[in-house]
Number of protein chains: 2
Amino acid sequence: MPNDKPAAFSIDGPASGVTRVKRTRGGPKGLRITDVATAAGVSPITVSRVFNSPETVAPETLERVRGVVQKLGYVPNRLAGGLSSSKSRLIAAIVPTIAHSLFSETIQVFSETMSKAGYQVLLALSGYSDTSEEALLDAVLSRRPEGVLLTGVAHTDSLRERLRNVGIPIVETWDMTDTPIDMLVGFSHYQVGVAVAERFIARGVRYPGLVSANDDRAIARITGFRARFAHEGICNIADVIVSPPSSVLVGKAALPELLARMPQLDAVFCGSDLLAIGVLGEAKRRGIDVPSQLSICGFGDLEFASETSPTLTTVRVDGTHIGLNAAQCLLARLRGEQHASISDVGFHIVERETV
Amino acid sequence: MPNDKPAAFSIDGPASGVTRVKRTRGGPKGLRITDVATAAGVSPITVSRVFNSPETVAPETLERVRGVVQKLGYVPNRLAGGLSSSKSRLIAAIVPTIAHSLFSETIQVFSETMSKAGYQVLLALSGYSDTSEEALLDAVLSRRPEGVLLTGVAHTDSLRERLRNVGIPIVETWDMTDTPIDMLVGFSHYQVGVAVAERFIARGVRYPGLVSANDDRAIARITGFRARFAHEGICNIADVIVSPPSSVLVGKAALPELLARMPQLDAVFCGSDLLAIGVLGEAKRRGIDVPSQLSICGFGDLEFASETSPTLTTVRVDGTHIGLNAAQCLLARLRGEQHASISDVGFHIVERETV
DNA sequence: CTGAAAGCGCTTACAG
DNA sequence: CTGAAAGCGCTTACAG
């Protein structure tokens, strides 16, 4: 490994052509662009161009430099490059959680799309975290990302303000609002609640219940659900609020609670498919027929849910589509194009009782 | 927003105390550490200390600087900080995919643990990618991460060599080898295959089949499975190799293929729980009783699998444990401690036929 | 198509 | 406990 750097506090020898006292920081730290430049007989700027604008470099020069890069195993330092160019090539994705969640496929596609475009994804998990949202945002912004994907729109005014002020493209996802920070790819959880209520109402449901976490999006669904039922004159809705992470077991435990509060219970709207599967299992165990005696609706359409439980209704959202769309929003902006602010990707309710 | 930077090609005024020609690059770019220092009446070094070693700063100074930081909304530039200190505070996680996968919970816990320790996670998806593994590694190393989590151990010699040479802690996960690059937290997929074969053998299985992808870990499981059956004199194993992503539908389609090749089929080892659920569903549709006529084993223990399909056997691996353990390995090394190289977290087979 | 000079915003390694 | 000088490894904004 070539290393022309002088030892700490040494005086450069004649070989380097310089004679002045220098201080180095730490030992040899690997290859620098100057090492490649020297070996290839060009200036550092030319090496930089080979990486960042190869089309501006003469073909022979390009080939020669690339050969040296290959031979030496040089990898540019993007901390330096980013600092110098103000282009970090980093995109932050702020997500509550990626475990067993709908968001994981959004992040998957988002990340794939971004990396094809030459960006890398900094993953920031906001849920179940010890650090506050402000601290998380500080950590994220300290990397000087060129864009940010947010999951959900419910942030404090302070956060929204700060994000707006950094002046980079922001895309909010998995939710809906009239006043996004910048761009938005999502759908209305309130409308999901309304739609599920309408299915239940069409089935003649009179005594609905719900099992849900109480994050902002879940609350929006609940609100829509309640509002639609209220419109039918049904205001007595049994609810069990659970804390994340939701699971099959939590769903199982919720049904007895609902029944205790409302013995005539004839429908349950669940905050996730895992919860719905739990409620379904518990219902079967109690000899309650689904859906004739009890309608159950989940949320998320984890693939297995409808496949394994034909009696389960669920709300399907295309997380892949959200991820792709969000990436494209950001990329368009990074190319300097204008881009539509709000994109409603919708949802649909999946019923497979006939399967 | 204070901005003392001179306009392009201007001459600094007397206010700055310097009189020389300067060239600036682009317009004002936000707050710098010097802006905070000036406003707080201290030097930039002191501001730096407030962030990086607050215990070395006088309490009053600390408070004053923090007040200014808060008021101005200053966020340090970690590109600059990382370049200067050679501490990127970045950890790379290289994962085939996070969508519907076992890895997502590993990454979840890994990321949580790392962020508590002051590191951020750079997510690099290696599967289904257009870019080669070499290009992915280049992209990752260009960020100068202080550590790397890898999923799986099967890399080319070139990759292993490069990773070893960067001299940062590396932890390989979700697999087993005697010769890790550095540290390892995983288990033997070969032994998983052997263990599943033994379950089947104990049940009197004579005509086993398998449905699987052909990634390195899946192949190791298959190899163990075949080897154990060969030991019983059973070498004729029907197999259907599917390409990822695996799904319930792929599993459904695989069963007829297996039956065509081996009509007496009495067991199927599936590469994932999703595949297993598909095989199970198709078996039921065809009136094949599970498990009396056909034993089915999945891999992964997605929570729902055993809950929704009591007749399904599956192999459970604690991905959460792997993520936590891997993070701790890396953190120990980053603190300069020695750390055990290989940690076998094991697996266990879950059977819930009696539920 | 190529290069010398200056600067990006921090931190290190001292000295006091 | 605090600071002036030098440097981290790149790229910009010119000029030729």
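A note on names: the letters A, B, ... follow the listed sequences, proteins ahead of strands, and every chain is numbered from 1.
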(message) Once rounded to the nearest 0.5 Å, what's the spacing between atom OG of B:S88 and atom CG of B:L83?
(response) 11.0 Å
(request) Establish, with yes or no, whether the OP1 or OP2 oxygen of C:dC8 is under 4.0 angstrom from a side-chain nitrogen or oxygen of A:S86. (result)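 Answer no for this pair, as no side-chain N or O of A:S86 is under 4.0 Å from OP1 or OP2.
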(message) Please confirm whether the shortest side-chain N or O distance from B:Y74 to OP1 or OP2 of C:dG9 is below 4.0 Å.
(response) no
Could you give the [atom1]-to-[atom2] distance, from [X] to [N], as a whole number of Å?
X	N	atom1	atom2	result
B:I45	C:dT11	CD1	P	10 Å
A:I33	C:dG3	CD1	P	12 Å
B:L83	D:dG7	CG	C1'	9 Å

(message) Just to be sure I understand the rule, does A:R49 reach a base, reach only the sugar-phosphate, or reach nothing, if contact means heavy atoms closer than 4.0 Å?
(response)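 Base contact.
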(request) Would you check if there is a donor-acceptor pair between the side chains of A:Q108 and B:T97 at a distance under 3.5 Å? (result) yes
(message) Would you say B:Q120 and B:R89 are linked by a side-chain donor-acceptor pair, where the criterion is simply a distance under 3.5 Å?
(response) no
(request) Determine which pairs satisfy salt bridge (Lys or Arg N to Asp or Glu O under 4.0 Å) with at least one residue from residues 327-341 of chain A, sequence neighbours left out, and list them in order. (result) A:D182-A:R333, A:R335-A:E337
(request) Could you identify which residues of residues 161-170 of chain A place a heavy atom less than 4.0 Å from some atom of DNA chain C, listed by residue number, or say none? (result)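 Listed by number, there are none.
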(message) Test of understanding: with ring-ring contact (aromatic ring centres under 6.0 Å, His included), list the residues that count as partners of A:Y119, not counting sequence neighbours.
(response)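 By the ring-ring contact (aromatic ring centres under 6.0 Å, His included) rule, A:Y119 matches no residue at all.
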(request) Could you tell me whether a side-chain N or O of B:D35 sits under 3.5 Å from a main-chain N or O of B:R32, the two making a donor and an acceptor? (result) yes
(request) With sequence neighbours excluded, tell me which residues meet side-chain hydrogen bond (donor to acceptor under 3.5 Å, both in side chains) with B:S158. (result) B:E134
(request) Under 4.0 Å from any atom of DNA chain D, heavy atoms only: list the residues of residues 50-66 of chain A that qualify, in numerical order. (result)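 The answer is A:N52.
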(request) Please list every stem that involves DNA chain D, where a stem is a run of 3 or more consecutive Watson-Crick or G-U wobble pairs with both pairing distances under 3.5 Å. (result) C:1-3 with D:14-16, C:5-12 with D:5-12, C:14-16 with D:1-3
(request) Please check if the distance between the ring centroids of B:Y74 and B:F51 is under 6.0 Å. (result)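 Ring centres of B:F51 and B:Y74 closer than 6.0 Å.
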